[in-house]
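Okay, so here's the structure we're looking at.
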Amino acid sequence: MFKIYWTELQENEATALFKDFTGDGLTDALQFAELLRKRRREGEDIRHVVLSSENPNSVGEPGVAAPSPSYSWKKRR
């Protein structure tokens with residue numbers, strides 16, 4: 001799954017926007033991001049164009065978690 005986030009400024013007010021793309025829609029997402037960047041180059045006040053991805057089949061939650069109490073790590077040289 002992919003998502004494009006961007007901000008548009010109109011009359012000194014920022015509006016945060018996003019658009020979803022399917023898991024096999026990376027090409028479409030990249031093309032849409034490039035379209036937003038093209039609009040910015042042409043003078044529209046568009047900022048913070050970002051592509052984000054998420055793997056729905058991930059085994060665990062994203063990020064770092066504390067290890068279990070039974071985990072023992074030792075530095076080895």
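Hydrogens, waters and symmetry mates are skipped; everything else that's a heavy atom, side chains included, is used.
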Exercise. Does E42 pair with K38 as a salt bridge, N-O distance under 4.0 Å?
Worked result: yes
Exercise. Side chain to side chain contact (heavy atoms under 4.5 Å, CB included) with I46: which of L36, L9, T7?
Worked result: L36
For this session: Before giving the answer on side chain to side chain contact (heavy atoms under 4.5 Å, CB included), spell out for S52 and F2 the whole-Å C-alpha distance, their side-chain angles and the decisive distance to 0.1 Å.
Result: CA-CA 6 Å; S52 177; F2 303 98; over 6 Å; no
Show me the side-chain donor-acceptor pairs of residues 23-31 shorter than 3.5 Å, one per line, residues at least two apart or across chains.
residue : atom : partner : partner atom : Å
D24     : OD1  : T22     : OG1          : 2.6

Exercise. Closest approach of R47 and R40, non-hydrogen atoms and distance?
Worked result: CA-NH1, 4.2 Å
Exercise. Roughly how far, to the nearest 0.5 Å, is the CD1 atom of I4 from the CZ atom of F18?
Worked result: 12.5 Å
Exercise. How long is the span from the CH2 atom in W6 to the CG atom in L51, to the nearest 0.5 Å?
Worked result: 12.0 Å
For this session: Any salt bridge (charged side-chain N to carboxylate O under 4.0 Å, His left out) involving residues 7-21? Give me the pairs, sequence neighbours left out, ordered by first then second residue.
Result: K3-D20, E8-R39
For this session: Please list, chain by chain and in numerical order, all residues satisfying side chain to side chain donor-acceptor pair (under 3.5 Å) with S72, sequence neighbours excluded.
Result: none
